[in-house]
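Quick note: residue numbers are just sequence positions, from 1.
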Amino acid sequence: MGRPFDKAQGTPFRFTLRATDGAARLGEFETPHGLVHTPAFMPVGTQGAVKATLHRDLIDSGAEIVLGNTYHLFLRPGDELIARRGGLHRFIGWNRPLLTDSGGFQVFSLAERRTITEEGAEFQSHLDGSRHQLTPERAVDIQARLGSDVAMVLDECLAYPATHEAAAESMQRSVRWASRCRARLERLRAEPPPGVTVSNAGQAQFGIVQGGVFADLRRESADATVAIGFEGYAIGGLSVGEPIDQMYAVVQETAARLPVAAPRYLMGAGTPEDLVECVARGIDMFDCVMPTRNARNGQLFTSQGRINIKNAAQAEDDRPVDPACGCYTCTHHSRAYLRHLYLAGEMTAGALNTLHNLTFYLDTMKRIREAIQLGTFERFRQEFLRLSGDSRTNS
Ligand SMILES: [Zn+2]
């Protein structure tokens, strides 16, 4: 339940660093809808629901915060309709923390006929072809109506690979957009203009570091974004096709340049191994569609690596997906049954597989937090990578 909140005190968003182990950090942040323990994984609830999952199961699997996609909710059912329902928490019946992206990533990846100018992005809806404009100010207003606990600035998402010159130009525009986003949020906090409903007066806002795979641009972007000043900082524009070692190098250098006293969010990553490797480089928050999307395609993550439920090898296998997992799927059903449901096209297959994969991801985060607390994170990391084998390469 959202706690009553005095607007005059500003956002109640507070990040507390509890322990470190190497570059890995254990912490927590406070939002108007409760506490999030970090390192945290955020399941992706694109349309106001994590696909094939009840909110009740999200809570059981240990999710403390869920991500909503602004682009999708803005187009359907519309941010104003959601504001009239009291904001996204009340509309979807989720009383815990929510983070919304700015909509920018989907405008760049899904929308049709987009044009980008200094003012913002113009695009056509992928649903009905209707024309829309997404400016930095508009992205802030839409997220204010949605009332998420953490809103993201609008940034330009650059395609990979890009030249240094293109990455520099795009990054500098993102910095100017970030500055406009912050100014708009401050205006909404002071006195919302007519027509803008602020559904969650305690909403925090994160800046996003861009700059492609270029170390000098990442440094410039990090310094400029920190100079504007946000409650937290994200690293964007990674996990877009660059070699994995390059991603880790950018994460390591960028995280080290961000303030110790604010959470660091790596957007759109990744595999279970990526989570462990990026926690080791100082990241506190993650989101990715991989556990949910792969579950619907029959790929399951386990403590012994990945398995593909459609394989003939599972046809008469009475073992659970992962004997080490305590989720409903693993404590009630065999691989043989899950394979049958999958091949029969039964919707329950998607639900059971998703519940397992989400539990595996969230359980991994819990084990990461325990290891940092105990000062045994490096040992945990080595063991985790050894057990998962080279599963990254046989997906
Ligand atoms: Zn399980």
Q.
Under the criterion side chain to side chain contact (heavy atoms under 4.5 Å, CB included), I'd like the reasoning laid out for L26 against F377: C-alpha separation, chi angles, the key distance, then a yes or no.
A. CA-CA 11 Å; L26 179 75; F377 178 72; over 6 Å; no
With side chains defined as the heavy atoms from C-beta onward, is the minimum distance between [X] and [Y] less than 4.5 Å?
X: R180; Y: E119; answer: yes
X: R187; Y: P193; answer: yes
X: L338; Y: Q314; answer: no
X: R319; Y: R335; answer: yes
X: P43; Y: T53; answer: no
X: P320; Y: T331; answer: no
X: I283; Y: P39; answer: no
X: Y160; Y: Q246; answer: yes

Any donor-acceptor N or O pair under 3.5 Å, side chains [X], [Y]:
X: S174; Y: Q210; value: no
X: Q205; Y: Q143; value: no
X: S334; Y: D318; value: no
X: H72; Y: Q106; value: no
X: T354; Y: N357; value: no
X: T11; Y: Q203; value: no
X: D101; Y: Y71; value: no

Going only through I, L, V, M, F, W and Y residues with side-chain contacts under 4.5 Å, is there a path from [X] to [Y]?
X: F360; Y: L54; result: no
X: F380; Y: L387; result: no
X: I65; Y: F15; result: yes
X: V107; Y: L127; result: yes

Rounded distance (nearest 0.5 Å) linking atom [atom1] of [X] with atom [atom2] of [Y]:
X: L81; Y: R145; atom1: CG; atom2: CZ; answer: 12.0 Å
X: S239; Y: L266; atom1: OG; atom2: CG; answer: 7.0 Å
X: T364; Y: F384; atom1: OG1; atom2: CZ; answer: 4.0 Å
X: S61; Y: H356; atom1: OG; atom2: NE2; answer: 11.5 Å
X: T115; Y: F123; atom1: OG1; atom2: CZ; answer: 10.5 Å

**Q.** Other residues, nucleotides, ligands: >12 heavy atoms within 6.0 Å of R90 CZ
**A.** no
Q. Under 6.0 Å from the NZ atom of K366, do we count more than 12 heavy atoms belonging to anything else shown?
A. no
**Q.** Parallel, tilted or perpendicular: rings of H164 and F214 (30°, 60°)
**A.** perpendicular
Q: Just say parallel, tilted or perpendicular for the rings of Y337 and H333, cut-offs at 30° and 60°.
A: tilted
[X] side chain to [Y] main-chain N or O, any donor-acceptor pair under 3.5 Å?
X: D287; Y: M42; answer: no
X: S148; Y: V150; answer: yes
X: T292; Y: V289; answer: yes
X: D363; Y: T359; answer: no
X: D149; Y: L98; answer: yes
X: D274; Y: T271; answer: yes
X: W177; Y: E118; answer: yes
X: R184; Y: P136; answer: no
X: T70; Y: S102; answer: no
X: K51; Y: V44; answer: no

Q: Evaluate the side chain to side chain contact (heavy atoms under 4.5 Å, CB included) criterion for residues R182 and V153: first the C-alpha distance (whole Å), next the side-chain angles of each, then the deciding distance (0.1 Å), finally the verdict.
A: CA-CA 8 Å; R182 193 62 187 180; V153 299; over 6 Å; no
Q.
Tell me if the aromatic rings of F13 and F230 count as close, with their centers under 6.0 Å from one another.
A. no
Q) Listed by chain and number, what are the ring pair (Phe, Tyr, Trp, His ring centres under 6.0 Å) partners of F105, not counting sequence neighbours? A) none
Q | Those residues that, when tested against F301, pass ring pair (Phe, Tyr, Trp, His ring centres under 6.0 Å) (two or more places apart) | A | Y361
Q) In a check of salt bridge (Lys or Arg N to Asp or Glu O under 4.0 Å) between E231 and each of R14, R189, R264, which one passes? A) R189
Charged N to carboxylate O under 4.0 angstrom, [X] versus [Y]?
X: R257; Y: E253; answer: no
X: R386; Y: E383; answer: yes
X: E112; Y: R131; answer: no

(Q) Walk me through whether R381 and E277 qualify under salt bridge (Lys or Arg N to Asp or Glu O under 4.0 Å). (A) CA-CA 8 Å; R381 176 187 174 193; E277 288 297 297; 2.9 Å; yes
Nearest heavy-atom neighbours spanning [X] and [Y]:
X: D21; Y: E378; answer: OD2-N, 4.4 Å
X: A224; Y: V175; answer: CB-CG1, 3.7 Å
X: M247; Y: A269; answer: CE-CB, 4.2 Å
X: L238; Y: V251; answer: CD1-CG2, 3.7 Å
X: T46; Y: L73; answer: O-CG, 4.1 Å
X: P97; Y: E64; answer: CD-O, 3.1 Å

Q: Given salt bridge (Lys or Arg N to Asp or Glu O under 4.0 Å), test R173 with E169 step by step and report yes or no.
A: CA-CA 6 Å; R173 172 173 286 161; E169 203 175 304; 5.6 Å; no
Q | Residues that S303 engages under side-chain hydrogen bond (donor to acceptor under 3.5 Å, both in side chains), provided they are two or more places apart | A | D322
Q.
Apply side chain to side chain contact (heavy atoms under 4.5 Å, CB included) to residues D141 and L188 and explain how you reach the verdict.
A. CA-CA 8 Å; D141 291 357; L188 297 191; 3.8 Å; yes
Q: Would you check, one step at a time, whether the test side chain to side chain contact (heavy atoms under 4.5 Å, CB included) holds for F108 with E156?
A: CA-CA 8 Å; F108 284 88; E156 185 173 337; 3.5 Å; yes
